[in-house]
A.B. asks: 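Quick one: the structure is below, and I'll ask about it shortly.
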Amino acid sequence: MAPPAAQRVVIENCAIATVDAGDTEYASGHLVLTGNRIESVGAGKAPEGLENVARRIDASGHLATPGLVNTHHHFYQWLTRGLATDHNLFDWLVALYPTWARIDERMTYAAAQGSLAMMARGGVTTAMDHHYVFPRGCGDLSGSIIRAAAETGVRFTLARGSMDRGEKDGGLPPDFAVETLEGALAATEETVREHHDASFDAMTQVAVAPCSPFSVSTELMREGAELARRLGVRLHTHGSETVEEEKFCHELFGMGPTDYFESTGWLGEDVWMAHCVHMTDSDIAAFARTRTGVAHCPSSNARLAAGIARVPDLLKAGVPVGLGVDGTASNESGELHTELRNALLINRLGAHREAALNARQALRLGTYGGAQVLGRAEQIGSLEPGKLADVVLWRMDTLAHASIADPVTALVFGAAAPVTASFVNGRQIVEHGRLVAVDEDAIARSTREEAQRLARIAAQG
């Protein structure tokens, strides 16, 4: 027998920002989702005579966009929000590492649930987590994070992080929270082999992600890059976040961060870096030449007083740039849709002023740019036939936005817009601002309990 035909979801009467190569938009258009793919997108009503229509959505008053793509995060930090609020990056890390070094599997799972829920209800359809803290005897942290993502229903990349430079070797993390070089490489390879899916419609992928130059040995950086390329997965780390990091790299390695990364094999089209705030013209040229991507985290950079990344210059040079929430110990809101606005406003405080970014560029950073950075631009990031059905419907006819004529301007410049519906792989995960598959109130309770338990354990030393 032939397999049953895929069911269709028809969405009509909404404004559409496709974020395709031509920035095609429709003042009133339609989307047809068939199974987990976008079948059609265009002006006016959907074609007549469609079969196997399981649902029709009258999306009057809404803007449809590609789902938002988060390119940098640390889920475990959900349990330490609101601490060390007046610190720069290095002081903040010193203050919080002793607490983070006490996390276990139950805490990590609850924190991942909280982080994912907050993003998903705000329009994120593809999330990532850079998890690099693996205390001894902590349990299956990677598995717990991946399980939370699957339960929430989002597409997910786990950047399996690592640290092998503890305090005794001049690093910042406590010694009992770092791995050995051999242990980190073996555990990372095991995670890739167990969880990475290279297929077109993959829901879970894994990247190799040593934490940062000041918590990782040169050997782990170099061998991590070799491991990633042998396994055919992407590479991720922190780079050029603060002036202190620049000084650290010159003192320890005799060169700046970008030159150091290049010397260890960490520039390339399969690499993306978080932050990249303090970049020289030659650094930007190196990223452009190698097609190395950037995860721009404007709220976290402001929270930690790191500075303003040169996003307009990166984009002009052809560097792929996406947006990141970053960990919620340095961006307590935990939301990506607010980063559209923050990216635009903060970059206008830089050298390019009002010409730095516009609304459509900001939306592209949060959608197609993120897909580029994660190596998934062929599958997600724009609303085009054949791409995966990751779609968000933003309600734009309420008090917050109704008097703004241009819906994209309303979305980026205005208040955070409510999400009426969010689809991932053709499956609805948000309805009228609430998560469909998981209980937000139960997650709130568990994250509060686990945050309190972590605080008690950390206080006991």
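Just the heavy atoms: all of them, side chains too, but no hydrogens, waters or symmetry mates, feed the values below. As the structure is a prediction and not an experimental result, all values here were calculated from the model.
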A.B. asks: Is the backbone N or O of F261 less than 3.5 Å from a side-chain atom of T264, with the two atoms forming a donor-acceptor pair by type?
C.D. replies: yes
A.B. asks: Less than 4.0 angstrom from a charged side-chain N to a carboxylate O is my criterion; do D441 and R434 meet it?
C.D. replies: yes
A.B. asks: Kindly give the heavy-atom pair with the smallest separation between H352 and P312, and that separation in Å.
C.D. replies: CD2-CB, 3.6 Å
A.B. asks: Taking all atoms of both residues into account, what is the closest heavy-atom pair of L220 and P210, and its distance?
C.D. replies: O-CG, 4.1 Å
A.B. asks: Are W100 and W92, when compared by the centres of their aromatic rings, separated by less than 6.0 Å?
C.D. replies: yes
A.B. asks: So does D197 pair up with R155, basic N to acidic O under 4.0 Å?
C.D. replies: no
A.B. asks: Does any part of the side chain of Q428, heavy atoms only, come nearer than 4.5 Å to the side chain of S422, both counted from C-beta?
C.D. replies: no
A.B. asks: Can you tell me if T447 uses its side chain to pair, donor with acceptor, with the backbone of A444 under 3.5 Å?
C.D. replies: yes
A.B. asks: Thinking salt bridges, do R121 and E335 make one under a 4.0 Å N-O criterion?
C.D. replies: no
A.B. asks: V419 vs W394, test: side-chain contact (heavy atoms from CB on, under 4.5 Å). Steps then yes/no.
C.D. replies: CA-CA 5 Å; V419 175; W394 309 88; 3.6 Å; yes
A.B. asks: Are the side chain of R376 and the backbone N or O of A202 linked by a donor-acceptor pair below 3.5 Å?
C.D. replies: yes
A.B. asks: Please determine whether side-chain contact (heavy atoms from CB on, under 4.5 Å) holds for the pair T157 and D129, giving the CA-CA distance in whole Å, both sets of side-chain angles, and the decisive distance to 0.1 Å.
C.D. replies: CA-CA 7 Å; T157 294; D129 183 29; over 6 Å; no
A.B. asks: What's the separation between atom OG1 in T328 and atom CZ in F75, rounded to the nearest 0.5 Å?
C.D. replies: 9.5 Å
A.B. asks: Are the side chains of L383 and K387 in touch, meaning some heavy atoms are under 4.5 Å apart?
C.D. replies: no
A.B. asks: Kindly give the heavy-atom pair with the smallest separation between V19 and G381, and that separation in Å.
C.D. replies: CB-O, 4.1 Å
A.B. asks: Set out, in order, the CA-CA distance, both residues' side-chain angles and the distance that settles side-chain contact (heavy atoms from CB on, under 4.5 Å) for T292 and M273, then state yes or no.
C.D. replies: CA-CA 8 Å; T292 302; M273 304 270 183; 4.2 Å; yes
A.B. asks: Please determine whether side-chain hydrogen bond (donor to acceptor under 3.5 Å, both in side chains) holds for the pair H72 and H296, giving the CA-CA distance in whole Å, both sets of side-chain angles, and the decisive distance to 0.1 Å.
C.D. replies: CA-CA 8 Å; H72 186 65; H296 176 45; over 6 Å; no
A.B. asks: Between atom CD of Q113 and atom CD of E440, what is the distance when rounded to the nearest 0.5 Å?
C.D. replies: 11.5 Å
A.B. asks: Check whether any side-chain heavy atom of L365 sits under 4.5 Å from a side-chain heavy atom of L340, and report yes or no.
C.D. replies: no
A.B. asks: Would you say H278's side chain and I308's backbone share a donor-acceptor pair under 3.5 angstrom?
C.D. replies: no
A.B. asks: Closer than 4.0 angstrom, basic N to acidic O: yes or no for R165 and E219?
C.D. replies: no
A.B. asks: Do V408 and L363 come close enough that some side-chain heavy atom pair is under 4.5 Å?
C.D. replies: yes
A.B. asks: Kindly determine whether E339 and N331 satisfy side-chain contact (heavy atoms from CB on, under 4.5 Å), including the steps that lead there.
C.D. replies: CA-CA 10 Å; E339 297 303 281; N331 179 3; 3.7 Å; yes
A.B. asks: Just by modelled atom types, is the T125 backbone N or O under 3.5 Å from a matching donor or acceptor in the D390 side chain?
C.D. replies: no
A.B. asks: Is atom CD of E378 surrounded by more than 12 heavy atoms (other residues, nucleotides or ligands) closer than 6.0 Å?
C.D. replies: no
A.B. asks: Do NZ/NE/NH1/NH2 and the carboxylate oxygens of R160 and E179 come within less than 4.0 Å?
C.D. replies: yes
A.B. asks: Please evaluate residues Y260 and T218 with respect to the criterion side-chain hydrogen bond (donor to acceptor under 3.5 Å, both in side chains), reporting the C-alpha separation (whole Å), side-chain torsions for both, the decisive distance (0.1 Å), and the verdict.
C.D. replies: CA-CA 9 Å; Y260 174 67; T218 296; 2.9 Å; yes
A.B. asks: Are H62 and T420 side-chain neighbours, meaning at least one heavy-atom pair lies under 4.5 Å?
C.D. replies: yes
A.B. asks: Near Q452 CD, under 6.0 Å, is it more than 12 heavy atoms from other residues, nucleotides or ligands?
C.D. replies: yes
A.B. asks: Ignoring hydrogens and geometry, is there a side-chain-to-backbone donor-acceptor pair from Q379 to L388 under 3.5 Å?
C.D. replies: no
A.B. asks: Name the one of L185, T180, L181 that satisfies side chain to side chain contact (heavy atoms under 4.5 Å, CB included) with D164?
C.D. replies: L181
A.B. asks: Looking at A437 and R427, what are the two nearest heavy atoms and their distance?
C.D. replies: CB-NH2, 3.6 Å
A.B. asks: Is the shortest distance from a Lys or Arg side-chain nitrogen in R193 or E190 to a carboxylate oxygen in the other one below 4.0 Å?
C.D. replies: no
A.B. asks: What is the minimum heavy-atom distance between M221 and W266, and which atoms define it?
C.D. replies: O-NE1, 2.6 Å
A.B. asks: Assess whether salt bridge (charged side-chain N to carboxylate O under 4.0 Å, His left out) is satisfied between D406 and R360, documenting all intermediate values.
C.D. replies: CA-CA 11 Å; D406 174 22; R360 282 157 179 83; 2.9 Å; yes
A.B. asks: For a salt bridge (charged side-chain N to carboxylate O under 4.0 Å, His left out) check, start with the C-alpha distance between D104 and R453, then their side-chain angles and the critical distance, and finish with the verdict.
C.D. replies: CA-CA 11 Å; D104 59 24; R453 186 167 72 89; 3.0 Å; yes
A.B. asks: Does any part of the side chain of E244, heavy atoms only, come nearer than 4.5 Å to the side chain of F214, both counted from C-beta?
C.D. replies: no
A.B. asks: CG of N358 to CZ of F413: how many Å apart, nearest 0.5 Å?
C.D. replies: 7.5 Å
A.B. asks: Measure the spacing between CG of L158 and CD1 of I146 and express it to the nearest 0.5 Å.
C.D. replies: 5.0 Å
A.B. asks: Looking only at heavy atoms, what is the nearest atom pair of I145 and A112, with distance?
C.D. replies: CA-CB, 4.2 Å
A.B. asks: With a 4.5 Å heavy-atom cut-off, do Q361 and R364 have their side chains touching?
C.D. replies: no
A.B. asks: Is it the case that the side chain of S212 and the backbone of H238 share a donor-acceptor pair, with hydrogens and angles ignored and the cut-off at 3.5 Å?
C.D. replies: no
A.B. asks: With rounding to the nearest 0.5 Å, note down the distance linking CZ in R303 to OG1 in T85.
C.D. replies: 6.0 Å
A.B. asks: Knowing that exactly one of H73, H275, H131, H130 qualifies, which makes a ring-ring contact (aromatic ring centres under 6.0 Å, His included) with H236?
C.D. replies: H130
A.B. asks: Without swapping roles, check the side chain of N70 against the backbone of L336 for a donor-acceptor pair under 3.5 Å.
C.D. replies: no
A.B. asks: First locate atom CG of D313, then atom CG of N347, and finally report the distance between them rounded to the nearest 0.5 Å.
C.D. replies: 9.5 Å
A.B. asks: Can you check whether T191's main-chain N or O pairs, donor with acceptor, with H196's side chain at less than 3.5 Å?
C.D. replies: no
A.B. asks: In terms of side-chain heavy atoms, does Y76 have a donor or acceptor partner in Y109 at a distance below 3.5 Å?
C.D. replies: no
A.B. asks: Do any N or O atoms from the side chain of T237 and from the backbone of C211 form a donor-acceptor pair under 3.5 angstrom?
C.D. replies: yes
A.B. asks: Hey, are D140 and R147 close enough for a salt bridge, meaning a charged N less than 4.0 Å from a carboxylate O?
C.D. replies: no
A.B. asks: If we only count heavy atoms from C-beta on, is the V124 to V69 side-chain gap below 4.5 Å?
C.D. replies: no
A.B. asks: Under the salt bridge (charged side-chain N to carboxylate O under 4.0 Å, His left out) criterion, do R310 and D281 qualify, and how do the steps go?
C.D. replies: CA-CA 10 Å; R310 296 174 59 185; D281 289 347; 2.7 Å; yes
